[in-house]
A.B. asks: 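Here it is, the structure in full.
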Number of protein chains: 2
Amino acid sequence: MRADARRNHTRLLNAAASAFAEHGENASLDDIAKRAGVGSGTLYRHFPTRRALLEAAYAARIEALGVRGEELSRSLPPGEALTMWLHELCAATIQVRGLKTLLGTAATDTPLTTCGTLVKSTATTLLTAAQSEGTLRPDLTPTDLLRLTQGVATAAELGGGEAREIERYLGWLLDGIRVSGD
Amino acid sequence: MRADARRNHTRLLNAAASAFAEHGENASLDDIAKRAGVGSGTLYRHFPTRRALLEAAYAARIEALGVRGEELSRSLPPGEALTMWLHELCAATIQVRGLKTLLGTAATDTPLTTCGTLVKSTATTLLTAAQSEGTLRPDLTPTDLLRLTQGVATAAELGGGEAREIERYLGWLLDGIRVSGD
DNA sequence: ACCTGAACACCGTTCAAGT
DNA sequence: ACCTGAACACCGTTCAAGT
């Protein structure tokens, strides 16, 4: 990769991150190119679609979520680890504008994006551990869990997105997906 | 209201309904004006914002949901009436593209739109009846309920939006918001 | 009183020309 | 090999001119 190409690549990522943060996931691509001091064609050369740019801009954030999941699964009992991770996933979905679209790609049976695959594998690890304890419904799949977490994030976001709301709604969801009648 | 104004009004509503159905809530306003055989300025005269047009185009659908809620509350026990109505609300949210944005305005403490007020009052009636039976958590507000229902709709939509998915996710939500420990 | 459509600003995307 | 930016198409919104 040529030196100027590499420089433009990182400039574009920085510009994209701040533009998405300011204007949401539909921030003007032209504006991003301008902020990066780069021709618009260059943006398309590096990131052929808006989604590709979104994914690249948030890759670090997504990886952090994966790492955090592993940490939690090592340091806490399965049920608590899952709860905490879901809380952090919700909080990130709400706080980081544009992450929702990206995480939607994780909530399918066969994720098509890198970040989707990572998030789903973390969810699978945490969920399986909690289920083998026997407190969570065995018919709940990782895909279900990620969809429902997106749902909780949507609900909490409508309420302002404060941690208190997330806990309230997430708590009820978890009550609903525990094994009952035991 | 002049005859041509009235005619343009209904033409715009029809054009908007089909355009929103085809292209979602971001359908081109210019295209809607063209379909209606009307100058673009006329669209803005009748409906100053996209939201105003959305609300007008779906007013009938929203009113039907209100009527349906009353029907159900008369013909079924409170718990079942609430469950069925929430199911239909979810199904409508998923099926009718653009309804989600509109229903988001109902999920606030003081809805600002006509349709928001209607949906919220229906939800209040059904929820209060179910709560007075004693099976649903008393600390659940109508606002909570509408937010969570939007959440379930989001989750079910990620899964294709079939009735089976809605029932599954809605069922778990309802399990989670029932009074426990009795 | 209401309608029309040209006009302006803005954005996404492509591609010939440059280095 | 990579970059630039003009060019094109499209959309939202306004407003002077028309009836």
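Please read all numbers here as calculations on a predicted model, not as lab measurements. So that the names make sense, note that chain A is the first sequence line, chain B the second, and so on, each numbered from 1.
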A.B. asks: For B:Arg2 and for B:Thr42, find the nucleotide of DNA chain D with the closest heavy atom, then tell me which residue's nucleotide is more 5'.
C.D. replies: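 On the 5' side of the pair lies B:Thr42.
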A.B. asks: Contact class for B:His9 vs. all strands (heavy atom < 4.0 Å): base, sugar-phosphate, or nothing?
C.D. replies: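 Nothing: the residue B:His9, judged by heavy atoms under 4.0 Å, touches no strand.
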A.B. asks: Please check if any side-chain donor atom of B:Asp109 sits under 3.5 Å from a side-chain acceptor atom of B:Thr143, or the reverse.
C.D. replies: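 Yes, because at least one side-chain N or O of B:Asp109 sits under 3.5 Å from a partner of the opposite role on B:Thr143.
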A.B. asks: What nucleic acid atoms does B:Asp31 come within less than 4.0 Å of, heavy atoms only: base, sugar-phosphate, or nothing?
C.D. replies: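 Nothing, no nucleic acid heavy atom in range.
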A.B. asks: Now, which nucleotide makes the Watson-Crick or G-U wobble pair with C:dC15, with each of the two distances under 3.5 Å?
C.D. replies: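 Checking every strand shown, C:dC15 finds its partner in D:dG5, with both distances under 3.5 Å.
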A.B. asks: With a 4.0 Å cut-off on N to O distance, would you call B:Glu22 and B:Arg97 a salt bridge?
C.D. replies: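 Here B:Glu22 does not pair with B:Arg97 in a salt bridge, since their nearest N and O are not under 4.0 Å apart.
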A.B. asks: Taking all non-hydrogen atoms of both residues into account, name the closest pair between A:Ile166 and A:Gly161 and its distance.
C.D. replies: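 Between these two residues, the closest heavy atoms are CD1-O, 4.1 Å.
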A.B. asks: For B:Ala5 and for A:Asp30, locate the closest nucleotide of DNA chain C by heavy-atom distance; then report the residue assigned to the nucleotide nearer the 5' terminus.
C.D. replies: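 Closer to the 5' end of DNA chain C: B:Ala5.
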A.B. asks: Indicate yes or no: at least one non-hydrogen side-chain atom of B:Leu65 is less than 4.5 angstrom from one of B:Thr122.
C.D. replies: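 Contact flag for B:Leu65/B:Thr122 side chains = no.
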A.B. asks: Students should find this one: the first and last nucleotides of DNA chain C, 5' to 3', lying under 4.0 Å from a heavy atom of chain B. What are they?
C.D. replies: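 Contact span on the strand: C:dA1 to C:dA6.
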A.B. asks: Could you tell me the Watson-Crick or G-U partner of C:dC10, where both distances fall under 3.5 Å? Say none if there is no partner.
C.D. replies: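 For C:dC10, the partner nucleotide comes out as none, under the 3.5 Å rule.
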A.B. asks: Given 3.5 Å as the limit, does a donor-acceptor pair link the side chain of B:Arg147 with the main chain of B:Ala107, or not?
C.D. replies: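 Between the backbone of B:Ala107 and the side chain of B:Arg147 there is a qualifying donor-acceptor contact (under 3.5 Å).
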A.B. asks: Is the centre of the B:His9 ring less than 6.0 Å from the centre of the B:Phe47 ring?
C.D. replies: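 Yes; B:Phe47 has its ring centre under 6.0 Å from that of B:His9.
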